[in-house]
Amino acid sequence: MAKAPVFVTRIIPEAGLDRVRETCDADVWPDPLPPPPVVLLEKASRSEGLLSTLNDRIDAALLEACPRLRVISNFAVGYNNIDLDAATALGIPVGNTPEVLTDATADMAFCLMIAAARRLLDGDRAIHAGRWKTWEPMGYIGQDLLGKTLGVVGMGRIGYALAARCRGGWGMKVLYADVADNPHAETDLGAKRVDFNTLLAESDFVSVHTDLNDKTRGLFNRAAFSRMKPTAVFVNTARGPIHVQEDLTQALRNREIFAAGLDVSDPEPIRDDDPLLALSNAVIAPHVASATIRTRNAMAEIAADNLIAGLAGEPLPCFVNPQVEANRRR
Ligand code: DGY
């Protein structure tokens, strides 16, 4: 039987890619940069399966130009790069890679939190620039974590995992803002659900773990930063557009907040001349929270499983729009 043509938009770990190559007629984009939109369109329009990354914008226009497409497997837990309504309306199943990246992402949020709080970048820059001359009783003084208050915006799996680290290891009090209660967080970690403004006002560390949607886009704007403590540390490992970068830069520059730790920026990559890069109280990583060997291998395996299941007409193991399957059965 002929293998189904699929387009894989980036090289992913062999743990998944080998299976995709065995099972499908795989066209794998070999470049380190994502395929330009015109190439994505051209290749997707000839494919029955698409294994995409968060860099690939899969909008309604692209989907309508791809009549053969039977499954989209996104190599990420987030899927804001995909017009989900359009995919669902066209009956195209969409898969993602949840859970396996929870711990790696929570670790990175914690890493950014402590690096920003303890001014690691300041010290690192000083050493690399040859500016560090002696131990300084008054130099590089940062914030403690022990016993402080963590505010989690979006108490899902990753928010919970960060809160568990902070509660268990550092005895932190946990507040959270979310559209729903998280009884586990309340029972296990003593977390308290509060409204967004209370969380901003009372937290020493504010960490974002919500998805990017119409309600969260620009949530951290000038007004939000102005409600935070001047000693507060802001952490974003979710999606860049959840913060307004210009407002964050102002808040950091004017010391309205103490520091920020970011794994994500808006846009990505961050522009070379972005004023945020000139601030030593902003620690910025290149969207690497899930970048551990175990995690990326597991993501690749799930992405392959989703793709192969979709091509076989089976429910995806990690289904973002299971209503497609329900509609199919009707
Ligand atoms: C995701 O999975 O959504 C992360 O942002 C990248 O691993």
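Values in this document were obtained by computation on a predicted structure and should not be read as measured data.
Asp56 contributes atom CG, which lies 12.0 Å from atom CG of Leu41 (distance to the nearest 0.5 angstrom).
The number of heavy atoms from other shown groups lying within 6.0 Å of CZ (Arg253) is above 12. Counting heavy atoms of neighbouring residues, nucleotides and ligands inside a 6.0 Å radius, atom CZ of Arg255 does not exceed 12 of them. Around the CD atom of Glu14, the shell of radius 6.0 Å holds no more than 12 heavy atoms that belong to other residues, nucleotides or ligands. More than 12 heavy-atom neighbours from other residues, nucleotides or ligands sit within 6.0 angstrom of CZ on Arg328.
Side-chain atoms of Asp83 come within 3.5 Å of backbone N or O of Asp85 as a donor-acceptor pair. Lys43 places no side-chain N or O within 3.5 Å of a backbone atom of Leu50 that could act as its donor or acceptor partner. For Arg227 (side chain) and Phe196 (main-chain N/O), no donor-acceptor pair under 3.5 Å exists by modelled atom type. Without hydrogens or angle criteria, Asp263 side chain to Val288 main chain gives a donor-acceptor distance under 3.5 Å.
If you run side chain to side chain contact (heavy atoms under 4.5 Å, CB included) between Gln143 and each of Arg118, Met113, Lys148, only Lys148 comes through.
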Given the rule in the side-chain contact (heavy atoms from CB on, under 4.5 Å) test, do Val179 and Lys215 qualify, once you have shown the distances and angles that lead to the verdict? CA-CA 11 Å; Val179 288; Lys215 292 210 171 71; 5.9 Å; no
Check the pair Tyr140, Trp132 against ring pair (Phe, Tyr, Trp, His ring centres under 6.0 Å), reporting the backbone distance first and the verdict last. CA-CA 11 Å; Tyr140 308 102; Trp132 186 53; 7.9 Å; no
Please evaluate residues His128 and Arg125 with respect to the criterion side-chain contact (heavy atoms from CB on, under 4.5 Å), reporting the C-alpha separation (whole Å), side-chain torsions for both, the decisive distance (0.1 Å), and the verdict. CA-CA 5 Å; His128 282 99; Arg125 283 188 179 177; 5.9 Å; no
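Side-chain contact check for Asp211 and Asn213: at least one donor-acceptor pair (N or O, by modelled atom type) lies under 3.5 Å. For the residue pair Arg296 and Ser290, a side-chain donor N or O sits within less than 3.5 Å of a side-chain acceptor on the partner.
A salt bridge links Glu99 with Arg157; the closest basic N to acidic carboxylate O contact falls under 4.0 Å. In summary, Arg131 and Asp122 do not engage in a salt bridge, as defined by a charged side-chain N under 4.0 Å from a carboxylate O.
Residues Ile72 and Ile308 do not share a hydrophobic cluster, defined by chaining ILVMFWY side chains whose heavy atoms lie under 4.5 Å apart. In this structure, Val28 is a member of the same hydrophobic cluster as Ile302, with clusters built from ILVMFWY side-chain heavy atoms closer than 4.5 Å.
A perpendicular orientation is assigned to the rings of Phe7 and Trp29, their planes being inclined by more than 60° (bins at 30° and 60°).
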Could you pull out every donor-acceptor pair under 3.5 Å between side chains of residues 200-210 and any protein atom, sequence neighbours left out?
residue: Ser203; atom: OG; partner: Gly151; partner atom: N; Å: 3.4
residue: Ser203; atom: OG; partner: Leu199; partner atom: O; Å: 2.7
residue: Asp204; atom: OD1; partner: Lys229; partner atom: NZ; Å: 2.9
residue: Asp204; atom: OD2; partner: Thr149; partner atom: N; Å: 2.8
residue: Ser207; atom: OG; partner: His209; partner atom: NE2; Å: 2.7

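Looking at heavy atoms from C-beta onward, Val71 lies out of side-chain contact with Asn306 at the 4.5 angstrom threshold.
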